[in-house]
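Heads up: the structure comes next, in C-alpha cells.
What's counted below: heavy atoms across the whole structure, side chains too, no hydrogens, waters or symmetry copies.
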Amino acid sequence: MNRIVGLETEYGCLTNTPSGSFIAVERVRDWIFGRPDFGLIDVHHRDWDEPPGNGGFLFNGGRVYIDMGHLEYCTPECVSLIDVLRYDQAGDMLALHAVKTLGLADEISFIRNNIDHYTGATFGCHENYLVRRSAPLTETNVLSLLTFLTLRVLFTGAGRVGTTQAAEWRGEISRPGTEGFFQMSQRADYINNDLYEWVQFNRSIINTRDEPLGDPRKYRRLHLLHGDTSVLPATLLLKVGTTSLMLDLLEINQLPKVVMADAVKTFRALSHQPDGPWLARLADGRNADAVELLEKFFAAAWTEFHGRDAETDILLDVWGSTLKALAAEPQALIGKVDWITKYWLLRKFMEQEKLDWDDPWLKAQDLEFHHIDPARSLGLALSQPPPQWDLGPKVIESSVLEPPVNSRAGARSRVMRLLQEFAPPYSIDWELIGVDGINPLNMLNPFDPSPPELKPWLVEFNAVVKGGGPPQRTSRRDPDGKNDDRARN
C-alpha cells in the first residue's frame, strides 16, 4: 500500500455467567497486561473515559483497552495489506489465548460482529487511513470518494438477520425494525450522515475529525465508522485494499467523478436488498447499476496502478473477479465475501430446519458466524482466501509479540521494552512517549521504524534513567511490585 493503515476492532462478548460480560472483559484485559509478555498498561489518564489501567500498548505495536464495556484491539501502523491481515488476526489470537488460559472458554466467547441482537446496540470496526495533506479535497472529489465508500458494501458487508430502528428514517424500502429480514450490512441502519465529526449517536460514512497521529503539516487521518467487522480474510483485504487504492487516486486527482443523490439512503437501500436490484440514484437524477459504478472505480485504479507492485496486482485481480461475480453469479463468492457466505449458509439452515427469517434461532446462528475461535466460527470454516493471502498459525503467533519492521510501531515497541526493564514513570501514545525527567520522544513520521529523534532520546534516557536520575518506581519484575502497573501509579 501507499499509506499507513490501522484497524480498531470492538469485540462482542457472549457469556452465560450471571455477572455478565464486563467482569470477563476486565479479566481478559488484566491477564494481557498482568504479565511481561504482551505490553505495558497505561499509568496515566488518556481521556476522561480512559483512566489509568483501562488499557495499554502492546509490544507488537498495537493497543488493547476497554471502550464502553467492549474489549477493543487496535492493530499497529501497517504499510502492507498482509500486515493488516496478520495483525488483525493477532488480536483474535491474543483474546482467545487469554480466554483459554483463564479457564473461561466454557463461560465467555468473543465475536467479531457489530450488533447486539438483544439491545439493538452497535459497536464498530473503525478503519484508519493516512492521507497526505496535498490530496485535493475538492467537493467533487470528496463526494466521489463518498460514492465508493457507500457502494463498497456489495463486497465488504458482513450481513445480518433483522434490522434496527434507525435514528432517522429516510424512506428505505424496508423500514428499519423489521425482523423477518436479511441485509448486507450490520452498520447501515446506524449511519445517519454522510459527513460528520463525532463518532456516536450521529454516525457518518466519513468521520471528519482531523487527528493525524503524525506530522499535521504532512498528513491527515481518514477515520471510517460505517464498515462492518470482517470475518473472512478476502473480505477484510478487499475492504482495506480497495479503499487504499481510492485514496491513491484521490491524491493524484484521478477519482472517477460519480456523485450520488443521497449516500446514506443508498447505503441502507443496498443493504436491505441482498437479492437486488442494486441501484444507486445519482445527483443528476439517474438510477445506475451499483456494480457498474464500482467498475468505473476499478478501471481507474487498474489504469493508474496495475504493475506498480505484486501486492497491488494481486488486489486488482481479486477485486476484478469479485465485481464480475457480483454482476453474474454472486454465489461464486461464498467463502470470500462475508454477507454472501452468511446469506447462503443461513438459507441452507432454514431449508433444513424449515424456519422463517423471524425465527430467533437464526440470530443465534448469525452470531456463530463471527466467533474468533476457528474451531467454532461458521464463517472461518468456509473461508477461501487467495493463496497469497492464506496465513498460517505461526505467522499470526509471531504477530502477537513482534511489531511490523517497516513502520513507527517498531520504534515504539523498542522503547517500551526499555520502559519495562527500567520502569520509570512513563506515558505512551501512538506518536509520543514521555518519561519523567527527560524530553518527550516525538515520532511524527509513521513510516519510519528508526526515526532520527530516537538516537538522541536514547542517549538522554541512558544518562538520566540508567544513571539514577529521577526516582524510579518498582519494576514489574521486582517481587515487591505486586505484578501490577497500576500499583505503581
Side-chain angles (χ1 to χ4, degrees), residues 6-17 21-22 24-32 38-39 55 58 60 62-67 69-76 84-117 122-127 158-160 186 227-237 239-240 335 338-339 341-342 345 363-383 385 389-401:
L7 300 179
E8 309 165 45
T9 300
E10 296 180 62
Y11 292 100
C13 182
L14 303 177
T15 179
N16 56 17
T17 62
S21 63
F22 188 71
V25 168
E26 284 190 327
R27 290 185 65 186
V28 168
R29 185 267 321 273
D30 292 344
W31 181 88
I32 291 171
F38 303 114
L58 303 172
N60 77 349
R63 178 168 171 77
V64 166
Y65 58 102
I66 296 177
D67 184 4
H70 290 270
L71 186 73
E72 181 157 346
Y73 168 78
C74 306
T75 69
V84 174
L85 176 61
R86 71 189 184 102
Y87 282 100
D88 184 69
Q89 293 186 348
D92 293 357
M93 181 173 283
L94 179 60
L96 183 60
H97 187 32
V99 169
K100 290 183 176 180
T101 304
L102 287 167
L104 298 175
D106 293 332
E107 299 178 14
I108 70 165
S109 54
F110 288 110
I111 55 175
R112 297 174 57 89
N113 80 327
N114 304 111
I115 50 171
D116 183 332
H117 285 298
T122 183
F123 34 97
C125 175
H126 295 185
E127 304 160 51
R160 64 164 291 187
Q186 300 208 351
D228 295 349
T229 305
S230 302
V231 173
L232 300 173
T235 301
L236 185 146
L237 292 165
K239 176 176 68 178
V240 172
D338 279 357
W339 79 264
T341 306
K342 183 189 287 185
L345 184 66
K363 288 185 177 180
Q365 295 300 101
D366 186 337
L367 296 176
E368 294 292 326
F369 188 89
H370 296 268
H371 274 288
I372 65 170
D373 187 348
R376 293 191 59 182
S377 171
L378 297 181
L380 291 177
L382 297 170
S383 179
W389 292 347
D390 193 5
L391 301 179
K394 290 186 178 180
V395 175
I396 310 304
E397 288 172 7
S398 67
S399 303
V400 172
L401 301 173

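Rounding to the nearest 0.5 angstrom, the gap separating the OG1 atom in Thr122 from the CG atom in Asp228 is 8.5 Å. Between atom CD of residue Glu10 and atom OH of residue Tyr65 there is a gap of 7.0 Å, rounded to the nearest 0.5 Å. The CG atom of Leu96 sits 11.0 Å away from the NE2 atom of His371 when rounded to the nearest 0.5 Å. Put simply, CG on Asn113 and CG on Asp366 are 7.5 Å apart, with the number rounded to the nearest 0.5 Å. A distance of 7.5 Å separates CG in Asp390 from OG in Ser383, rounded to the nearest 0.5 Å. Taking CG of Leu102 as the start and CD1 of Ile108 as the end, the distance is 8.0 Å to the nearest 0.5 Å.
Gln186 places no side-chain N or O within donor-acceptor distance of the main-chain N or O of Arg160, the cut-off being under 3.5 Å. Between the Thr235 side chain and the Asp338 main chain, a donor and an acceptor come within less than 3.5 Å of each other. A donor-acceptor distance shorter than 3.5 angstrom exists from the side chain of Thr341 to the backbone of Gly335, with no hydrogens or angles considered. The main-chain N or O of Val395 is found under 3.5 Å from a side-chain atom of Ser398 such that the two form a donor-acceptor pair. Distance alone, capped at 3.5 Å, places no donor-acceptor pair between the Lys342 side chain and the Gly379 backbone.
Residues passing the salt bridge (charged side-chain N to carboxylate O under 4.0 Å, His left out) test with Glu72, sequence neighbours excluded: none.
Nearest heavy atoms, Ala95 versus Phe110: CB-CD1, 4.1 Å. Taking each heavy atom of Val25 and His70 in turn, the nearest pair found is CG1-C, 4.2 Å. In plain terms, the two heavy atoms of Trp31 and Thr101 that are nearest each other are NE1-CG2, 3.6 Å. Considering every non-hydrogen atom in both Tyr73 and Ala90, the closest pair reads OH-CB, 4.0 Å. The two residues Met93 and Pro393 come nearest to each other via the heavy atoms CE-O, 4.0 Å. Considering every non-hydrogen atom in both Ser21 and Thr15, the closest pair reads N-CG2, 3.6 Å.
A heavy-atom distance below 4.5 Å is found between the side chains of Phe22 and Ile66. Residues Gln89 and Ser399 have side chains not in contact (no heavy-atom distance under 4.5 Å, counting atoms from C-beta outward). Asn60 is not listed as a side-chain neighbour of Leu94, based on a closest heavy-atom distance of 4.5 Å or more. With contacts defined as side-chain heavy-atom distances shorter than 4.5 Å, the pair Leu58/Ile32 qualifies.
In this structure, Trp339 has its ring center at least 6.0 angstrom away from the ring center of Phe369.
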**Request:** I would like to know whether Arg112 and Asp88 meet salt bridge (Lys or Arg N to Asp or Glu O under 4.0 Å); could you show each step before the answer?
**Result:** CA-CA 11 Å; Arg112 297 174 57 89; Asp88 184 69; 2.8 Å; yes

**Message:** As a quick check of understanding, evaluate side chain to side chain contact (heavy atoms under 4.5 Å, CB included) for Val84 and Thr75, giving each step before the final call.
**Reply:** CA-CA 7 Å; Val84 174; Thr75 69; 5.7 Å; no

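Partner of Ile111 under the side chain to side chain contact (heavy atoms under 4.5 Å, CB included) criterion, chosen from Glu368, His370, Arg376: His370. Under the side chain to side chain contact (heavy atoms under 4.5 Å, CB included) rule, Asp92 has a single partner from Leu380, Thr9, Asp373, Ile372, which is Ile372.
Ring-plane geometry between His97 and Phe38 is classed as perpendicular, the angle between the planes exceeding 60 degrees on a 0 to 90 degree scale with a lower cut at 30.
Residue Asn16 places its CG atom among more than 12 non-hydrogen atoms of other residues, nucleotides or ligands, all under 6.0 Å distant.
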